[in-house]
Amino acid sequence: MRIALIDYGAGNLHSCSKALERALAAENRAGEVIIGADPDVIASADRIVLPGDGAFKDCRDELGAVDGLEAALHEAVRVKARPFLGICVGMQLLADIGEERGETKGLGWIPGRVVALDPAERHLKVPHMGWNTLEARGSHPILDGIPFGEQALHAYFLHSYHLIPEHAGDLLAVAEYGGPVSAIIGRENIVGTQFHPEKSQLLGLKLLRNFLSWTP
Amino acid sequence: MSLKARIIPCLDVKDGRVVKGVQFLDLIDAGDPVESAKAYDAAGADELCFLDITASHENRGTILDVVRRTAENCFMPVTVGGGVRAVEDVRALMLAGADKVSINTAAVKDRAIVGRAAEKFGAQAIVVAIDAKKVSGANEADRWEIFTHGGRNPTGLDAIQYAREVADLGAGEILLTSMDRDGTKAGFDLALTRAISEAVTIPVVASGGVGTLDHLVEGISIGKASAVLAASIFHFGTFTIGEAKRHMARAGIPMRLDGLQP
């Protein structure tokens with residue numbers, strides 16, 4: 001299995017790459033993680049992962065600045081329907097519009113907007129930073145075997161904005177933080193996490209394993 | 001369901017080697033920061049903090065290698081601070097694999113660096129480290145001032161006002177150290193911690209003075225911090241991360257207990 005981990009100057013490539021390798025090993029799959037933005041790499045990949053750390057606008061600009069990257073992603077994900085995982089801002093970029101530091105157009109793969117967190121309880125701090133549990137909103141292979149409720153594992157969040165999908169069915173899991181915070185989204189061959197699976201230890205590893213064995 | 005309080009062990013790194021590293025395990029190389037980081041990752045720490053205290057400018061690149069190797073070996077978030085002077089330093093650390101970068105003296109000298117770094121990397125990645133000392137007399141209202149250079153140099157800046165200012169500029173977190181308490185094991189300066197936590201809408205990490213597990217509890221329950229940072233009580237094995245988390249959970253603080261070692 002060839003996993004393309006997209007390098008566009010924004011995102012924790014080292015951690016993501018190692019976490020994906022660990023997931024490959026745990027799944028007993030032969031495979032490799034290829035870091036890059038080369039259209040040939042993306043075209044020949046079985047799985048595509050888009051990380052992203054930083055401000056929406058900045059990440060969007062960086063993505064757009066890599067020659068041929070958007071076209072290659074569009075071809076692989078939208079036309080050939082290869083399984084795709086977006087992480088943090090790499091997930092937010094899938095929306096129509098991001099509102100961080102002015103309105104910026106996203107890739108428009110998941111109808112929706114990326115808006116500022118606004119927890120109802122005033123004592124709750126923003127950024128939403130640290131470990132929180134998840135609550136499933138639907139069933140999806142990416143959620144298989146991840147415990148929710150009383151025995152829930154934790155996911156690591158580090159963000160001030162989140163993606164509100166236009167279609168409620170695209171929201172697979174939320175975290176509670178003065179109201180629901182979009183934690184996992186999914187539509188067709190695309191999934192995305194607001195939290196960092198590569199930093200989320202047990203839960204993160206399980207989610208990445210699910211992603212590798214998922215056949216949309 | 002809720003966000004949990006965090007426990008953050010902090011490692012001082014000089015020229016790529018740990019000063020006062022993990023002593024509680026027989027590590028193959030106790031001076032290797034990555035070995036210590038892996039030990040804390042396995043022990044269930046919620047985040048890790050590296051403080052680079054390398055003095056010479058030529059050796060500053062050593063921290064990048066440490067961060068890179070840690071990011072490759074640990075599945076926990078890492079904050080790096082110490083010697084960050086420019087947005088370029090932030091970028092280098094982020095690309096090496098840091099999740100957050102902490103800015104201290106550079107922000108005191110030029111507040112605008114906070115805004116520039118947050119604009120580039122997002123508020124969530126930018127921590128401002130504040131070293132504060134109480135300067136009010138016995139019969140005065142509490143007042144704390146920002147100090148630099150390990151508490152030696154006063155700046156004349158009021159700590160609460162400064163915290164508000166950097167939060168407005170786009171800092172995503174404040175790492176607050178009481179220079180009066182640092183190294184004393186007498187507990188956090190709770191009045192300071194609470195004053196800053198209540199003055200800003202971003203998370204505050206309490207630091208300086210932890211000697212007992214109850215001190216950790218108080219930092220959250222009385223100081224209203226979102227996280228507690230400690231060094232020696234963990235490095236010297238006085239308490240394990242697991243003991244600390246269970247103690248805090250028993251005291252009613254929401255903690256993440258996933259996969260904890262006994």
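Here is how names work: the chains are called A, B, and so on, in the same order as the sequence lines, proteins then strands, and each is numbered from 1.
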Considering only heavy atoms from C-beta outward, does the side chain of [X] approach that of [Y] to under 4.5 Å?
{"X": "A/Val126", "Y": "B/Ile202", "result": "no"}
{"X": "B/Met76", "Y": "A/Tyr156", "result": "no"}
{"X": "A/His14", "Y": "B/Val67", "result": "no"}

Open item on the list: Taking every non-hydrogen pair under 4.5 Å, which of A/Cys16, A/Ser160, A/Ala19, A/Cys59 racks up the most with chain B?
Closed with: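 Winner by heavy-atom pair count: A/Ala19.
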TODO: Heavy-atom pairs under 4.5 Å with chain B are the metric here; pick the option from A/Arg101, A/His196, A/His128, A/His123 that has the most.
DONE: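 Highest number of heavy-atom pairs under 4.5 Å: A/Arg101.
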Task: Heavy-atom closest contact (B/Pro203 atom, A/Pro127 atom, distance) - done: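 Here B/Pro203 and A/Pro127 meet closest at CG-O, 3.8 Å.
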Open item on the list: Looking at every non-hydrogen atom in both residues, tell me the closest pair between B/Arg6 and A/Met129 and how far apart they are.
Closed with: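 Looks like NE-O, 3.7 Å.
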Task: Any residue of residues 111-119 of chain B which, by heavy atoms, sits under 4.5 Å from chain A - done: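 Contacts with chain A: B/Ala118, B/Glu119.
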With a 4.5 Å cut-off on heavy-atom pairs, point out which of [options] contacts chain A the most.
{"options": "B/Gly172, B/Gly97, B/Pro77, B/Ala125", "value": "B/Pro77"}
{"options": "B/Glu198, B/Arg91, B/Glu173", "value": "B/Glu173"}
{"options": "B/Asp46, B/Val204, B/Ile126, B/Val200", "value": "B/Asp46"}
{"options": "B/Ala96, B/Ala123, B/Ala5", "value": "B/Ala96"}
{"options": "B/Gly122, B/Ala167, B/Pro254, B/Ala227", "value": "B/Gly122"}

Task: Interface moiety of A/His159 toward chain B, non-hydrogen atoms closer than 4.5 Å - done: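 It is the backbone, since no side chain atom gets that close.
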Task: Under 4.5 Å from a heavy atom of chain B, the part of A/Ala152 involved - done: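 For A/Ala152, backbone heavy atoms alone lie under 4.5 Å from chain B.
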- [ ] Please flag which part of B/Ser197 lies under 4.5 Å from any non-hydrogen atom of chain A: side chain, backbone, both or neither.
- [x]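 Contact with chain A: backbone and side chain both.
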Task: Under 4.5 Å from a heavy atom of chain A, the part of B/Lys120 involved - done: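 It is both, since atoms from each part get that close.
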Task: Residues in residues 105-122 of chain A near chain B [non-hydrogen atoms, under 4.5 Å] - done: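 Answer by number: none.
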TODO: Using heavy atoms and a sub-4.5 Å threshold, report which of residues 197-204 of chain A line up against chain B, by residue number.
DONE: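 The list, in residue order, reads A/Glu198, A/Lys199, A/Ser200, A/Gln201, A/Leu202.
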Separation between [atom1] of [X] and [atom2] of [Y], rounded to the nearest 0.5 Å:
{"X": "B/Phe75", "Y": "A/Arg22", "atom1": "CZ", "atom2": "CZ", "answer": "4.0 Å"}
{"X": "A/Leu158", "Y": "B/Lys100", "atom1": "CG", "atom2": "NZ", "answer": "6.0 Å"}
{"X": "B/Leu95", "Y": "A/Leu13", "atom1": "CG", "atom2": "CG", "answer": "8.0 Å"}
{"X": "A/Lys125", "Y": "B/Ile174", "atom1": "NZ", "atom2": "CD1", "answer": "8.0 Å"}

Task: B/Asp258 side chain to A/His154 backbone, donor-acceptor under 3.5 Å - done: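 Side chain of B/Asp258 to backbone of A/His154: a pair is present.
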TODO: Say whether, by atom type as modelled, one donor and one acceptor occur between the side chain of A/Trp131 and the main chain of B/Leu3 under 3.5 angstrom.
DONE: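 Such a contact is absent between A/Trp131 side chain and B/Leu3 backbone.
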Task: Set of residues satisfying side chain to side chain contact (heavy atoms under 4.5 Å, CB included) with respect to B/Thr201, sequence neighbours excluded - done: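 In terms of side chain to side chain contact (heavy atoms under 4.5 Å, CB included), with neighbours along the sequence ignored, B/Thr201 is linked to no residue.
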